[in-house]
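Step one of this worksheet: look at the structure below.
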Amino acid sequence: MSDSDSFINEVTEEVRRDQLYGYLKRYGWIAVLLIVVLVGGAAWNEWNKAQAAAKAQATGDALLDALGQNDPEFRMAAVAEVEAEGSAAAVTALITAASQQEGGDIPAAVATLQALAVNTDVPAIYNELAAFKAAMLDPDPTTRRPSLEAMAQPGAPFALLAQEQLALADLAAGNPDAALERLSAIIEDAGVTRGLLVRAQTLMVALGVEPPVAALEQ
């Protein structure tokens with residue numbers, strides 16, 4: 001390489017450095033701003049997570065304290081003071097309904113559960129659970145049975161449990177054949193749980209009928 005070529009290269013590099021420094025002076029604040037935004041956003045996200053975790057823990061502690069109350073009225077009063085939303089709000093409603101039931105106020109328990117069943121601010125599974133528990137507590141067979149039949153449809157979250165309640169209702173109404181048909185369907189269902197399976201089999205044996213082979217045992 002000649003001296004002239006070396007000189008040209010050095011000049012070119014110097015010009016490039018000058019241009020780079022010029023860009024940094026002119027636009028460097030943008031890069032700094034981006035870094036600040038990214039770091040600040042990450043810090044804000046972590047702070048929000050910490051706040052949510054602390055709130056959830058406080059709600060959980062308050063619910064545990066409420067559950068520690070032996071007297072239903074004291075328990076309901078403690079639950080009423082808990083500030084909760086989402087799943088925690090659903091749990092507080094379920095605890096309230098259980099306390100009302102324990103205290104003998106069945107209409108109030110049913111009302112609490114029915115309100116939870118239509119609450120769109122909680123996960124759907126709590127709506128289904130509240131509707132099922134409300135139907136179980138409903139003393140009126142003219143409204144109780146249609147509710148259970150609606151929940152006993154295939155694919156519903158509590159379909160098999162609703163079928164069990166309908167089987168018991170069939171027995172109470174003096175219709176053992178219908179009850180046995182429901183119990184057999186429960187036993188043969190692939191989604192039956194061990195506890196429900198044992199209950200259905202035991203009831204069939206008590207009625208003098210040999211249970212079918214369970215899906216769990218196939």
Side-chain angles (χ1 to χ4, degrees), residues 48-49 51-69 72-170 172 179 182-183 185-187 189-200 215:
N48 274 339
K49 287 181 179 179
Q51 290 294 104
K55 184 177 181 180
Q57 183 174 351
T59 301
D61 291 342
L63 287 174
L64 288 175
D65 290 341
L67 286 172
Q69 299 290 334
E73 292 187 3
F74 290 156
R75 191 183 310 129
M76 283 188 292
V79 169
E81 295 179 357
V82 177
E83 296 182 3
E85 58 186 22
S87 297
V91 172
T92 60
L94 291 172
I95 295 173
T96 299
S99 300
Q100 291 167 334
Q101 180 185 357
E102 185 180 351
D105 195 349
I106 302 301
V110 171
T112 298
L113 291 168
Q114 289 176 338
L116 176 57
V118 296
N119 186 350
T120 58
D121 293 330
V122 304
I125 189 62
Y126 289 107
N127 301 139
E128 298 285 348
L129 176 59
F132 176 69
K133 292 177 72 68
M136 289 183 62
L137 291 177
D138 188 352
D140 187 352
T142 61
T143 55
R144 183 174 186 268
R145 188 175 187 91
S147 298
L148 289 172
E149 287 176 343
M151 287 180 278
Q153 298 303 311
F158 299 97
L160 294 181
L161 291 175
Q163 287 282 12
E164 179 187 27
Q165 293 301 313
L166 287 169
L168 295 174
D170 289 333
R182 291 185 186 278
L183 292 171
I186 291 172
I187 292 172
D189 195 288
V192 67
T193 61
R194 178 66 63 181
L196 179 54
L197 172 63
V198 171
R199 292 198 303 272

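Numbering of residues begins at 1 and proceeds along the displayed sequence.
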Rounded to the nearest 0.5 Å, how far does CG of L183 lie from CZ of R199?
-> 11.0 Å
Of all heavy-atom pairs between A169 and R144, which one has the smallest distance, and what is that distance?
-> CB-NH1, 4.4 Å
Distance from N119 atom CG to L113 atom CG, nearest 0.5 Å?
-> 12.5 Å
Please name the pair of heavy atoms, one in D189 and one in G191, separated by the smallest distance, quoted to 0.1 Å.
-> OD1-N, 2.7 Å
Nearest heavy-atom pair of A89 and T92: which atoms, and what distance?
-> O-OG1, 2.6 Å
Rounded to the nearest 0.5 Å, how far does CG of L137 lie from CD1 of I106?
-> 5.5 Å
So ring-ring contact (aromatic ring centres under 6.0 Å, His included) across residues 102-150, not counting sequence neighbours, yields F132-F158
Which atoms form the tightest heavy-atom contact between A135 and M151, and what is the distance?
-> CB-CE, 3.6 Å
side-chain hydrogen bond (donor to acceptor under 3.5 Å, both in side chains) with Q163: of R182, E149, Q153, only one passes, and it is R182
Considering non-hydrogen atoms only, spot the tightest contact between P141 and P139 and give its length.
-> CD-O, 3.2 Å
Scanning both residues in full, the closest heavy-atom pair of N127 with V118 reads ND2-N, 4.4 Å
State the CG-NZ distance between L116 and K133, to the nearest 0.5 angstrom.
-> 10.5 Å
Would you give the length of the straight line joining atom CD1 of I187 to atom CG of L160, rounded to the nearest 0.5 angstrom?
-> 11.0 Å
At what distance, to the nearest 0.5 angstrom, does CG of D138 lie from CD of Q114?
-> 7.0 Å
Pair D170 + R145, salt bridge at N-O below 4.0 Å = yes
